[in-house]
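Worksheet: one structure, shown below.
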Amino acid sequence: MAETVEVHPKIEAGWKDVLDDTFHQPFFAELKAFLLEEKRKYRVFPPGSLIFNAFDQTPFDKVKVVLLGQDPYHDEGQAHGLCFSVRRGVPFPKSLLNICKELQSDLGIPMPASGDLTPWARQGVLLLNATLTVRAHQAGSHQHHGWEEFTDTVIRLVSERKDHVVFLLWGNYAQAKIPLIDQRKHLVLKTVHPSPLSASRGFFGCRHFSKANEWLVSQGMEPVDWRLDG
């Protein structure tokens with residue numbers, strides 16, 4: 001039986017309250033119609049129940065770090081609604097492998113057995129892709145259909161309604177979101193993308209994980225335990 005797209009998305013209660021107006025905007029109705037048509041014709045990742053996984057794992061009132069990605073992974077079994085993350089048992093994509101290398105260099109954290117970043121999400125790290133779905137095996141196929149308007153709204157509302165959040169912006173695409181963020185009360189850490197094409201030009205050695213924790217502690221908040229126990 002084909003998947004459906006919820007008319008009123010099932011999402012964590014705090015986010016539902018914050019985003020209720022957004023879910024009733026015309027662009028979101030158009031996005032839902034697009035997704036229904038895509039699901040009739042193609043396989044779409046992640047599964048419908050995991051499209052809003054980042055929000056479900058990181059309730060609005062718990063958000064203290066935002067890590068912004070671009071698209072979900074588009075190959076079999078990878079995407080599960082958290083940017084850069086893969087399900088347990090799935091081989092590490094190269095960008096995620098480089099993230100773990102920087103973790104090891106920055107904080108001495110050993111390379112994990114699993115690339116599932118859920119432990120971060122449950123501590124308040126919102127692992128947000130700008131586009132929340134993708135057609136199987138076709139990178140970027142769901143861009144410019146409404147998801148960016150939705151996730152821009154998420155970034156803006158986090159900036160407006162939260163204090164002392166760390167925004168990790170890796171690569172030009174993520175850094176284009178800086179105008180949505182109030183840098184007077186939030187910390188923006190930016191560098192190149194962890195992709196093998198750019199990681200050696202500034203991602204390695206950026207020490208964003210320790211810098212984020214230093215900021216959180218300076219604001220009287222709990223640091224993130226960045227370990228990913230396999």
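Along the sequence shown, residues carry numbers from 1.
Rounding to the nearest 0.5 Å gives a distance of 9.5 Å between CG of Asp17 and CG of Leu19. Taking CG from Leu169 and NZ from Lys190, the interatomic distance works out to 8.5 Å, rounded to the nearest 0.5 Å. Between Asp56 atom CG and Ile11 atom CD1 the span is 6.5 Å, to the nearest 0.5 Å. For the atom pair CD (Glu38) and OG (Ser141), the distance works out to 6.5 Å, reported to the nearest 0.5 Å. Interatomic distance, CD1 of Ile99 versus NZ of Lys101, reported as 12.0 Å (0.5 Å rounding). Note that CG of Leu126 is 5.5 Å distant from OG1 of Thr58, once rounded to the nearest 0.5 Å.
With contacts defined as side-chain heavy-atom distances shorter than 4.5 Å, the pair Arg135/His142 qualifies. Side chains of Phe23 and Pro9 form a contact here, defined as non-hydrogen atoms less than 4.5 Å apart. With a 4.5 Å cut-off on side-chain heavy atoms, Val154 and Thr22 do not count as touching. Contact of the Phe28 side chain with the Thr153 side chain is not registered, since no non-hydrogen atoms from C-beta on lie closer than 4.5 Å. Residues Thr131 and Glu148 are in side-chain contact: their nearest non-hydrogen atoms beyond the backbone lie under 4.5 Å apart. The shortest side-chain heavy-atom distance between Gln183 and Phe167 does not fall under the 4.5 Å cut-off. Side-chain contact between Leu97 and Met111 is present, with at least one heavy-atom pair separated by less than 4.5 Å.
Between the Lys62 side chain and the Ala121 main chain, no donor and acceptor come within less than 3.5 Å of each other. Not one N or O on the side chain of Gln175 forms a donor-acceptor pair closer than 3.5 Å with the backbone of Trp170. Gln123 contributes a side-chain N or O that, together with a main-chain N or O of Pro119, makes up a donor-acceptor pair within less than 3.5 Å. In this structure, the side chain of Ser85 does not engage the main chain of Leu82 through any donor-acceptor pair within 3.5 Å. When atom types are taken as modelled, the side chain of Lys162 and the backbone of Asp61 share a donor-acceptor pair closer than 3.5 angstrom. Using modelled atom types, no side-chain atom of Ser210 and backbone atom of Asp106 make a donor-acceptor pair closer than 3.5 Å. Side chain of Lys211 to main chain of Cys206: a donor-acceptor pair is present (N/O by atom type, distance under 3.5 Å, no hydrogens or angles). Distance alone, capped at 3.5 Å, places no donor-acceptor pair between the Ser159 side chain and the Ile155 backbone. Remark: the backbone N or O of Leu197 is not paired with any side-chain donor or acceptor of Lys94 at under 3.5 angstrom. Glu102 places a side-chain N or O within 3.5 Å of a backbone atom of Arg207 that can act as its donor or acceptor partner.
With 3.5 Å as the limit, one finds a donor-acceptor pair spanning the side chains of Asp71 and Gln143. Side chain to side chain, Arg201 and Ser198 fail the donor-acceptor criterion of an N or O pair below 3.5 Å.
Annotation: cation-pi pair Lys16/Phe60 absent, no NZ/CZ under 6.0 Å from the ring centroid and within 45° of its normal.
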_Is there a side-chain contact (heavy atoms from CB on, under 4.5 Å) between Leu228 and Ile109? Walk through the geometry before answering._
CA-CA 8 Å; Leu228 293 170; Ile109 293 173; over 6 Å; no
*List the steps, then state whether side-chain contact (heavy atoms from CB on, under 4.5 Å) holds for Trp215 with Val65.*
CA-CA 11 Å; Trp215 163 265; Val65 178; over 6 Å; no
*Give the intermediate values and the outcome of ring-ring contact (aromatic ring centres under 6.0 Å, His included) for residues Phe150 and His145.*
CA-CA 10 Å; Phe150 174 74; His145 289 281; over 10 Å; no
_Under the criterion side-chain contact (heavy atoms from CB on, under 4.5 Å), I'd like the reasoning laid out for Lys177 against Asp152: C-alpha separation, chi angles, the key distance, then a yes or no._
CA-CA 8 Å; Lys177 307 299 183 180; Asp152 280 0; 2.8 Å; yes
*Could you walk me through whether Asp75 and His137 pass side-chain contact (heavy atoms from CB on, under 4.5 Å), step by step?*
CA-CA 5 Å; Asp75 286 334; His137 315 302; 3.1 Å; yes
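By the 4.5 Å side-chain criterion applied to Ile, Leu, Val, Met, Phe, Trp and Tyr, Phe45 is assigned to a cluster that also includes Val134.
Of all heavy-atom pairs spanning Thr118 and His80, the tightest one is OG1-CE1, 3.9 Å. For the pair Thr133 and Pro46, the tightest heavy-atom approach, listed with the atom from each and the gap, is CA-CD, 4.3 Å. The minimum heavy-atom distance linking Tyr73 with Ala79 is given by the pair O-CB, 3.4 Å. The minimum heavy-atom distance between Asn129 and Thr151, with the atom names listed, is O-CG2, 3.4 Å. The two atoms that bring Ser95 and Ser195 nearest to each other are OG-CA, 3.3 Å, heavy atoms only. Taking every heavy atom of both residues into account, Lys185 and Arg161 meet most closely at NZ-N, 4.4 Å.
Residues Leu50 and Val86 are members of separate hydrophobic clusters, defined by side-chain heavy-atom contacts under 4.5 angstrom among Ile, Leu, Val, Met, Phe, Trp and Tyr. Under the 4.5 Å side-chain contact rule for hydrophobic residues, Leu189 and Leu127 share a cluster. Taken together through direct or relayed side-chain contacts under 4.5 Å among Ile, Leu, Val, Met, Phe, Trp and Tyr, Val217 and Val224 form parts of separate hydrophobic clusters. Tyr173 and Ile181 sit in two unconnected hydrophobic clusters of ILVMFWY residues. Membership requires side-chain heavy atoms under 4.5 Å apart, directly or through other members. Hydrophobic clustering, with ILVMFWY side chains joined whenever heavy atoms are under 4.5 angstrom apart, keeps Ile51 apart from Tyr42.
Outside the 6.0 Å centre-distance limit, the rings of Phe52 and Trp15 are not counted as a close aromatic pair.
Ring planes of Trp226 and Phe209: perpendicular class, angle over 60° (limits at 30 and 60°).
Other residues, nucleotides and ligands place more than 12 heavy atoms under 6.0 Å from the CG atom of Asp163.
With respect to Arg40 and Glu37, a salt bridge is recorded, a charged nitrogen being found less than 4.0 Å from a carboxylate O. The pair Lys64-Glu222 does not meet the salt-bridge criterion, since no charged nitrogen lies less than 4.0 angstrom from a carboxylate oxygen.
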